[in-house]
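Take a look at the structure set out below.
Residue indices begin at 1 and follow the sequence shown.
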Amino acid sequence: MVHDANYKKGDIIYKQRDEANEIFFIKYGSVYLYLDYKTDHAKLIGTATEGKVFGELGVIESKPRTMTAVAAEDTIVTIVDKTSFPEYIKQNQNKMILVMESLSSRIRAQSQKLVKACKVVASYTEEKENKGNVDKALIDKMKTLAAENIGSRN
């Protein structure tokens, strides 16, 4: 089924760990994507804006939602359920580009985090080998990197 839905600012569109049965295309407004929403460890991961897609990963993988989606403002989305998605894409081929752009963006962001992590580990190893100790600044960098990526294992 394909239909439009309206969400008011602050409305939860779906919750982390919910079953993923739908993909959302934003017609108007924007949506915040959170890890561990409304907990002490909540982290805003990103914002999906007008013309973009969200919720695609869980549907494509047939896995539970990895984040909670919250309307950042009054928002209108087109909701496409998993069963209707192939036919919807056939009829709206430009929407497949949006899905591919979203997935590509996720891959790029994770690749950049991996490169950054590798550089920090390389610095740590080099410092340890050269001086037999590691300075506080390098330890702080590693702690920061770990904190930034705490949720990216989900």
Side-chain angles (χ1 to χ4, degrees), residues 1-123 137 139-154:
M1 184 162 92
V2 178
H3 66 282
D4 287 351
N6 297 315
Y7 294 95
K8 296 286 183 199
K9 181 179 179 175
D11 284 352
I12 294 175
I13 298 169
Y14 60 74
K15 294 179 183 176
Q16 189 173 338
R17 291 185 269 300
D18 280 355
E19 190 175 331
N21 296 316
E22 302 164 320
I23 295 176
F24 301 80
F25 295 91
I26 303 176
K27 293 176 85 171
Y28 172 83
S30 58
V31 174
Y32 292 138
L33 301 166
Y34 288 96
L35 280 176
D36 303 321
Y37 185 64
K38 289 202 171 184
T39 70
D40 291 342
H41 305 289
K43 184 172 182 181
L44 177 63
I45 298 300
T47 304
T49 57
E50 190 172 314
K52 301 294 182 185
V53 62
F54 67 98
E56 76 284 359
L57 196 59
V59 171
I60 291 169
E61 293 183 313
S62 295
K63 293 189 175 181
R65 301 284 185 198
T66 57
M67 292 179 241
T68 297
V70 180
E73 58 187 307
D74 290 353
T75 300
I76 302 170
V77 296
T78 297
I79 302 173
V80 182
D81 73 358
K82 187 175 187 164
T83 329
S84 304
F85 184 63
E87 186 61 33
Y88 181 77
I89 290 301
K90 281 181 190 175
Q91 294 174 8
N92 302 276
Q93 292 181 5
N94 61 322
K95 299 298 185 185
M96 191 61 191
I97 298 296
L98 290 176
V99 172
M100 291 175 14
E101 286 173 348
S102 178
L103 294 173
S104 176
S105 176
R106 287 173 185 244
I107 292 168
R108 182 178 311 280
Q110 289 304 314
S111 295
Q112 289 170 346
K113 286 180 181 181
L114 178 60
V115 166
K116 188 176 177 182
C118 289
K119 286 179 180 179
V120 169
V121 170
S123 294
I139 293 292
D140 289 344
K141 278 186 186 178
M142 292 179 79
K143 286 180 180 177
T144 299
L145 184 64
E148 286 176 2
N149 294 291
I150 231 56
S152 55
R153 291 174 281 158
N154 295 333

Please tabulate, one pair per line, all N/O donor-acceptor pairs under 3.5 Å involving side-chain atoms of residues 72-84, not counting sequence neighbours.
| from | atom 1 | to | atom 2 | distance (Å) |
| --- | --- | --- | --- | --- |
| E73 | OE2 | S30 | N | 3.4 |
| E73 | OE2 | S30 | OG | 2.7 |
| D74 | OD1 | K9 | N | 3.1 |
| T75 | OG1 | S30 | N | 3.3 |
| T75 | OG1 | S30 | O | 3.0 |
| T75 | OG1 | E73 | O | 2.7 |
| T78 | OG1 | D4 | OD1 | 2.8 |
| D81 | OD1 | M1 | N | 2.7 |
| D81 | OD1 | S84 | N | 2.8 |
| D81 | OD1 | S84 | OG | 2.6 |
| D81 | OD2 | M1 | N | 2.7 |
| K82 | NZ | V59 | O | 3.4 |
| K82 | NZ | S62 | OG | 2.2 |
| S84 | OG | M1 | N | 2.3 |

Shortest non-hydrogen contact between [X] and [Y], atoms and distance:
{"X": "A69", "Y": "L33", "value": "CB-CD2, 3.8 Å"}
{"X": "N21", "Y": "E19", "value": "OD1-OE2, 3.2 Å"}
{"X": "K15", "Y": "I12", "value": "CG-CG2, 3.8 Å"}

Test side-chain contact (heavy atoms from CB on, under 4.5 Å) applied to F54 and I13, step by step: CA-CA 11 Å; F54 67 98; I13 298 169; 4.0 Å; yes
Pairs involving residues 48-71, ordered by first then second residue, that meet salt bridge (charged side-chain N to carboxylate O under 4.0 Å, His left out) (sequence neighbours left out): E56-R106
Non-neighbouring partners of Y37 that pass ring-ring contact (aromatic ring centres under 6.0 Å, His included), sequence neighbours left out: Y34
Residues in ring-ring contact (aromatic ring centres under 6.0 Å, His included) contact with Y88, at least two apart in sequence or another chain: F25
To the nearest 0.5 angstrom, please state how far the [atom1] atom of [X] sits from the [atom2] atom of [Y].
{"X": "L44", "Y": "T68", "atom1": "CG", "atom2": "OG1", "value": "11.5 Å"}
{"X": "Y14", "Y": "E22", "atom1": "OH", "atom2": "CD", "value": "10.5 Å"}
{"X": "L35", "Y": "Q16", "atom1": "CG", "atom2": "CD", "value": "5.5 Å"}
{"X": "I23", "Y": "L98", "atom1": "CD1", "atom2": "CG", "value": "11.0 Å"}

Residues that Q91 engages under side-chain hydrogen bond (donor to acceptor under 3.5 Å, both in side chains), provided they are two or more places apart: E87
